[in-house]
Structure formats: structure tokens, C-alpha cells
Amino acid sequence: MRFTLPDGTPLQLPDDATGADAAAAIGPGLARAAVAVKLDGEVRDLARPLDGDDGEPLAVLTRRDPEALEVIRHDAAHVLATAVMELYPGVKISIGPPIEGGFYYDFEFPEGVSVSEADLERIEARMREHIAAGEPFVRTEVTVDEALERFRSEGQDYKVELIEDLVRDQGVETVSLYANGPFIDLCAGPHAPTTRGIKAFGLDSLAGAYWRGDSSRTMLTRIYGTAFFSKDELAEHYRRLEEARARDHRKLGRELGLFLFSELSPGSPFWLPAGTAVWNELTTLWREENGRRGYREVRTPILYDVELWKQSGHWHVYRDHMYFTDVEERAMGLKPMNCPAHVQIYKSERRSYRDLPIRYSEQGLVHRHEPSGTLHGLLRVRSITQDDAHVFCSEEQLEEEIVRCLDFGLDIYDLFGFAPRLELSTRPEKRVGSEEAWDRAEAVLKRTLVNRGLEYELNEGDGAFYGPKIDLHMTDSIGRSWQLGTVQLDYYMPERFGLEFTGADNAEHRPVMIHRALMGSFERFIGILIEHYAGEFPVWLAPVQAIVLPIADRHAAYASEVAERLRADGARVEVDARSESIGRRIREAELRKVPYMLIVGDREAEAGAVALREHGRGDAGTLGLDELAERLARERRERTPR
RNA sequence: GCCGACGUAGCUCAGCUGGUAGAGCACUUCACUCGUAAUGAAGGGGUCCCCGGUUCGAGUCCGGGCGUCGGCUCCA
């Protein structure tokens, strides 16, 4: 057999050679380090015979390859199942794949057995025994009937279902099983030669997870863990998680006094003075940028007659997520979206083609009844303030308007150094509007992305009920992805509301609507911002931009003078003249992450200057008051990044 | 919404098998008036999430509810 190694050199092997043979043929060191091989893109067991004769690409994977890490994590999942089956007789196993950062295995524990995080240690101990024993992973290929009989006799219903589906969907006649020690699992592989490849592992948490991700089916118990090639890497992994938790916006929100949550209104943040300062800076940015790009700002009510929601289609599709109330026996609902409101404004006058595109922007407050289990700090709330806008335009203007929206969004993200992931979401199952309209809408969005050369992910079936969308996603401190901005195309709402404009031909035409929120919502965007900056906002966003620290009581008057001078420019400046030591007041200002500390004593009062200390960087020398004011003003005006 | 865990002072947390609560920080007062990340001393502060039950007695045990956290599902 003939293969090509990653460096391009050919490798000739006898016909019955395995992956291990290939590694040995290259060198004894590699043979020892080998975890698996990658043949023509497929990762395979070392023990499996190779096949090929056309110079297929072949690579021997060692601990340096990310794919090898996946292999031992998958190994660890099997060892986890091994231990759980021994410790909990009668447990049913489902699946256990490697995932980003680790692995999991899903179990159905017997009636009455409950497992808690305290039990994880016991399971870990049993796993260690199996790893120390260095049990080989042995692959066998068996017929579907054999496999079914085995799992049926063991009462492993989930495995039986998996095999039946494989037969039905893929017409397989045989399946592969992997044995390690006493455990045999239905598994496509690959696995390392023995359990000893798992050099370091830990079980992390317990969670519920629906069988096959279907909320109408059994909820299984998922055990999460992780594994590495060394104890150091494992320790490093936990250290990084710890570090990530330190920038969690919920923790920083409390520590920095940005916002709070109350049991009296779950999912609705209370914005404290410091958080409101950040919010207001974003509002200013939002208003400036919208104005510059031809948007006109509007303000609309939050409570509407349910007739509006019936007409818009929200009543039928979105009712469960809305809040309703009766007002003098009239049924009314809080808006979950701003579009019907902006539609009312559009409809309030006759529109001409000369008016288009009409762009309305609003800091729109909407309420959505998000399920209790999904709330998450600022990132998933029930009262949502969108940086919303609706563009009403003609079919001919559509593509350009979409491009403008996307460019606008990307410009804003640029300002913060955000690199969002783009997703194109297409028609969902629960939808309104004709198939032709969906075809057109999806095609326009796709064309826009392709023409702009933007990379994107296709998210089939994830569109809004009225139209497809392009979303901008960002990742939070613990690696979870959140949708921020969205640009949505809508042929449906204009039809529902009978929107029209008079064309050059003096006939009535139907406009197209674009729904777009670029930051998404102020709540979520600020949540991501907090984590992005780890609470260390650039000067323009910082709740307190400078704090004046007089050395002794006799410097208090000069400290006030400094503060007044800077406040005259509109800067947010505090004076900390408490009779605490200067060391303590510096420490507290550092903990509050105030960008500039201005220390004033005899020398500074004398010279009309300040001793500047920058947050996280320390003493930055003495600066004249005017010079400082100028610097601060410039950084605020130009929105200088940190 | 579902699975599991958790809910004690403003915050972070301790409180063993039931005997009416404790630390550090924060806060208040006093003294210190200080040169780049914690001066010292004294003091105040708690419906132990809520409702019900068991018990002579519940922060502790049981049931229900609410909230939070980690997942799952969902996410216009």
C-alpha cells in the first residue's frame, strides 16, 4: 500500500499493515507517541488495518494534534460509562461524545436512584482504576442482528433505538462495537490503544439533557468531564475557567455597582448610576450613528390592543411569550417587538416612492416572557431594550439597504474590537408568508453576504417567523455564543398591514421591510462589553472617568477645583477626600477600575497640576491641569479604545 | 418549561448527627493627615428566601412555592 505523509514523502507499507505499523515504519519515537492515525481525513484506531494504494494522505496523530485530544476524551467518556455501569447496576446508557473542552455521557439511572455532584468523586475513583489497568480498546464489527440482540438482552433501549435508526436511515448491515475492560459500547470510534492514554481527567458537573435533544422525550442525566494528556494541562484548563469566571458580567456588575436583579422582577435589570452612565454613552453613540446614516428616531408605546397582535401575526405565533393585561375590560398586550408600532407610523401618511427608503430607529423597550430556566444575567432578560430600526423600501432598494445595515453593524463592532460571527438563518417550521416570498428573501440575503465577501454560517430553519435573517454572534466569558445584532427581511408584515407607496407610475406598490438591531439589545450588548473589557472600560465608557485623591485634608479645596475644571467639560469625575490613607483610597479606586486617578498634594496644588496614575499601569507622572483636561476631552470625543 | 444543586448580615462564606446565629470585607463613630493597591480602636447590623408540616423545640428534618446557578429544550 502507498500513502503520502504530511510533509509530502511517500510511505510504502505491506498490504496487511495497520496504523501502528505505519507509525513504527516512520520511527520508534513516533510509534510510542502515536494515539491514532488520520487516513484521508478520517481519524482511525492504530490497530485498524489501513487501506489505500493511491498515495492517500496519512498522518500519525500524537498529543500535539487536537484530534488526538478528542480521541482520549472520547476514551474517557467510555471509561465514565464503564464506572457508572459498575456502580449503578441497571443504568441505561445513551451516548457519550467528546465536546469542545471535554466530554460527556448521558445516562438513565434506575427508578429511585439519584446521583448528585457529591457522587462524582466516587465515579472518578472507579474510573482511575480502569485507567490504571490500561485496558485495551478493542473494536469488533458485528451484524446489526447480533448487536440488537446484545443490547436488547441487556435492556439497553437507547442503543437499540440508535441501531434501528442507523438501519432505517443509512441502511447499515453491520455496526462497530468497542470493548474496554468489562464495558462494550456501540461506537463508531476511534479510540486510543488503551485507557492508559487518558493521562489526566476530571468530572465537572451533572445536568439534565433530553434524549436526542427532544423536549418531549425522556430527560437523561448527563455527566460532564474533561481530559488531557497531562496533569499540567488539566490544571491549566481549570485555571483558565477560574479566570473566565472572574470576568463574568454578573460578578462584575455587582462589584462595580453597574446593575442589580431583584426577585421581584426576574429577568429585568435595575440599572444603577454607574451602569446607567455606560448605557447613556452607548445611547449617545447609537443616536449619533443612526442620525448620520439617515435614520430618524421615534418613540412608541409599549402597550397595545391585542387586535394589533392578531393583525401582525404575533398572537398566533408568539402569544406564549407575551404579557397580557386587561385595561377597562379591553385585552391588551405588551409589545414583544417594535415592528407593528413602526408600521403604524408608516401608515399614518400616504407614502411616495420619493420618500423611500424610510428609516425609523428607536431605543425600543420590549417584553418577552422568556422561560424561567433560560434567564442569564444581562445576556438573557425579559425586558429588552433593542437598538431597533425598521427600513421601509422598494424591492429595488432592498439589496443596498441590507448592505448598509451590515456595514453599519460591522462598523459599530469594530469600535469595540469585536469580531462577530455571521449566521444566515432560513425559514423555520413555524412561519407565515408564501414560499415564493421566502425564496426571494433568502436569496437576497445570501447574495448580499456573498457579494460582500463575508464569511458566514448557514443556520437552516432558524429564521424569524416572518422572514430570514443575518445574525451577528459573540461569545461570552465562558464560551457561550449569544446573538447580538440581527438584520431581518420581511415581505409579510407589509402585506398583513396593507402597506403601500405610490410609484413613479402613479400606481400603488408594496414596500419591503427590514428589521434590524445592530447591538441587538442594550442589555445583552453591555453584558458582552463588560466581559470583553473585564470591567476595565475605556475612558469614554467608564462610569467614573477620573477620581481626584487629595493627599491630606488641606488639599481638599484644590481637589475640588481639579474636579470642577474637568466636570466643566462634561467628564464624570469624583473626589475621594475621605480621611483614609492615600494607599487605601488608591487601592479602592483601582478595584473600581477607574481609568485615571489624580493624586494631588502640596506639589501639585502649588503647580496647578496633578500626579496621574493610570488604572492597572501605575504612576504616569505629573501633568498640568489644562494638559490633562485636553487629554481627557480628546479620549472621550474620539472614543479612544483602551 | 425540564433535570440537578443551591438560597444564612450589603458582599463572600462558616454553622457536625434539631437546642432560638458567627467570621472577613463593607458600614458607623473616634483617633491618625498620610505621596501611589488595605492605619488603628470601638460599635451597629440578621423575618437564616416565602408558606405549611413534624417536634417540647426547626437555620438544620419533610412538603409546596419563589428565586439563583450549571446544563437541556427554547431563543422572535
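Taking A:His369 as the reference, A:Tyr323 meet the ring pair (Phe, Tyr, Trp, His ring centres under 6.0 Å) condition, with sequence neighbours excluded.
Across all strands shown, B:rU60 forms no Watson-Crick or G-U wobble pair with both distances under 3.5 Å. Partner assigned to B:rC48 is none, using Watson-Crick or G-U wobble distances below 3.5 angstrom. Across the strands present, B:rA42 finds its partner in B:rU28; the criterion is a Watson-Crick or G-U wobble pair with both atom distances under 3.5 angstrom. Look at B:rC74: it lacks any Watson-Crick or wobble partner with both distances under 3.5 angstrom. With both pairing distances under 3.5 Å, B:rU68 is matched to B:rA5 as a Watson-Crick or G-U wobble pair. Remark: B:rU55 base-pairs with no nucleotide in the shown strands. Criterion, Watson-Crick or G-U wobble with two distances under 3.5 Å. Base-pair partner of B:rU33: not found among the strands shown (Watson-Crick or G-U wobble, both distances under 3.5 Å).
Going from the C1' atom of B:rC56 to that of B:rG67 covers 34 Å, rounded to whole Å. B:rG59 and B:rC50: their P atoms are spaced 10 Å apart (whole Å). Across the C1' atoms, B:rC25 and B:rA37 are found 15 Å apart, a figure rounded to whole Å. The same atom, P, is picked in B:rG19 and in B:rU60; the two are 11 Å apart, to the nearest Å. B:rA41 and B:rG7 have their P atoms separated by 33 Å, given to the nearest Å. Taking atom C1' on both nucleotides, B:rU28 is separated from B:rC13 by 23 Å, rounded to a whole Å. Look at the P atom in both B:rU54 and B:rG45: the space between them is 34 Å, to the nearest Å. Nucleotides B:rG44 and B:rC30 place their C1' atoms 14 Å apart, quoted to the nearest Å.
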Under the side-chain contact (heavy atoms from CB on, under 4.5 Å) criterion, do A:Glu401 and A:Phe392 qualify, and how do the steps go?
-> CA-CA 9 Å; A:Glu401 286 303 310; A:Phe392 300 84; over 6 Å; no

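Evaluated for a ring-ring contact (aromatic ring centres under 6.0 Å, His included) with A:Phe259, the options A:Trp271, A:Phe270, A:Phe522 yield exactly one hit, A:Trp271. Results of the salt bridge (charged side-chain N to carboxylate O under 4.0 Å, His left out) test with A:Asp248 over A:Lys251, A:Arg250, A:Arg245 single out A:Arg250 as the only residue that passes.
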Under 4.0 Å protein heavy-atom contacts per nucleotide of nucleotides 35-46 of chain B, with B for base, S for backbone only and - for none = BBBBB-------

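Shown here is A:Glu435, whose CD atom has more than 12 heavy atoms of other residues, nucleotides or ligands within 6.0 Å.
The CD-P distance, from A:Glu423 to B:rC75, rounds to 13 Å in whole Å. Atom CZ in A:Arg217 sits roughly 15 Å away from atom C1' in B:rC2 (whole-Å rounding). A straight line from CZ of A:Arg382 to C1' of B:rC74 spans 13 Å, rounded to a whole angstrom. Atom OH in A:Tyr105 sits about 18 Å away from atom P in B:rC72, given to the nearest Å. The CG atom of A:Asp248 sits 12 Å away from the P atom of B:rU12 (whole-angstrom rounding). Per the geometry, CG belonging to A:Leu378 stands 22 Å off P belonging to B:rC75, to the nearest Å. Regarding A:Arg222, its CZ atom lies at a distance of 18 Å from the P atom of B:rC2, rounded to whole Å. Taking atom CD1 of A:Ile123 as the reference point, atom C1' of B:rG4 lies 13 Å away to the nearest angstrom.
Dashed line: the shortest gap from a side-chain N or O of A:His376 to OP1 or OP2 of B:rG70 is under 4.0 Å. Checking the phosphate oxygens (OP1, OP2) of B:rC75, no side-chain nitrogen or oxygen of A:Arg524 falls inside 4.0 Å.
Within 4.0 Å (heavy atoms only), A:Tyr224 reaches sugar-phosphate atoms of the nucleic acid but no base atom. Among the heavy atoms of the strands, none lies under 4.0 Å from A:Thr221. Using a 4.0 Å heavy-atom criterion, one finds that A:Arg254 contacts the sugar-phosphate atoms exclusively. When heavy atoms are screened at a 4.0 angstrom cut-off, A:Ala552 is found touching base atoms of the nucleic acid. Nucleic acid contact class of A:His515 (heavy atoms, under 4.0 Å, all strands): none. Contact annotation for A:Arg592: no contact, since no heavy-atom pair falls under 4.0 Å across all strands. Among the protein residues, A:Tyr466 comes within range of the sugar-phosphate backbone only, with heavy atoms under 4.0 Å from sugar or phosphate atoms but none that close to a base.
Of the two residues near RNA chain B, A:Arg585 and A:Pro266, the one whose nearest nucleotide lies more 5' is A:Arg585. Of the two residues contacting RNA chain B, namely A:Leu220 and A:Arg380, the nearest-nucleotide position lying further toward the 5' end is that of A:Leu220.
Closest contact between the side chain of A:Leu206 and the listed nucleotides B:rC34, B:rC27, B:rG4 involves B:rG4. Among the nucleotides B:rC72, B:rG7, B:rG70, the one closest to any side-chain atom of A:Tyr210 is B:rC72. Closest to the side chain of A:Met219, out of B:rG67, B:rG71, B:rC75, is B:rG71. Nearest to the side chain of A:Asp462, among B:rG70, B:rC66, B:rC75, sits B:rC75.
Of the charged side-chain nitrogens involved, none lies within less than 4.0 Å of a carboxylate oxygen, so that A:Asp576 and A:Arg592 do not count as a salt-bridged pair. Residues A:Glu614 and A:Arg631 are paired through a salt bridge, judged by an N-O separation under 4.0 Å between the basic side chain and the carboxylate.
A:Tyr558 and A:His555 have their aromatic ring centers separated by at least 6.0 angstrom.
Under the 30°/60° scheme for interplanar angles, the aromatic rings of A:Phe107 and A:Phe109 are found to be tilted.
Cation-pi geometry between A:Arg73 and A:Phe228 is met: the NZ or CZ atom falls under 6.0 Å from the ring centre, inside 45° of the normal.
The CZ atom of A:Arg247 sits 8.5 Å away from the CD atom of A:Glu536 when rounded to the nearest 0.5 Å.
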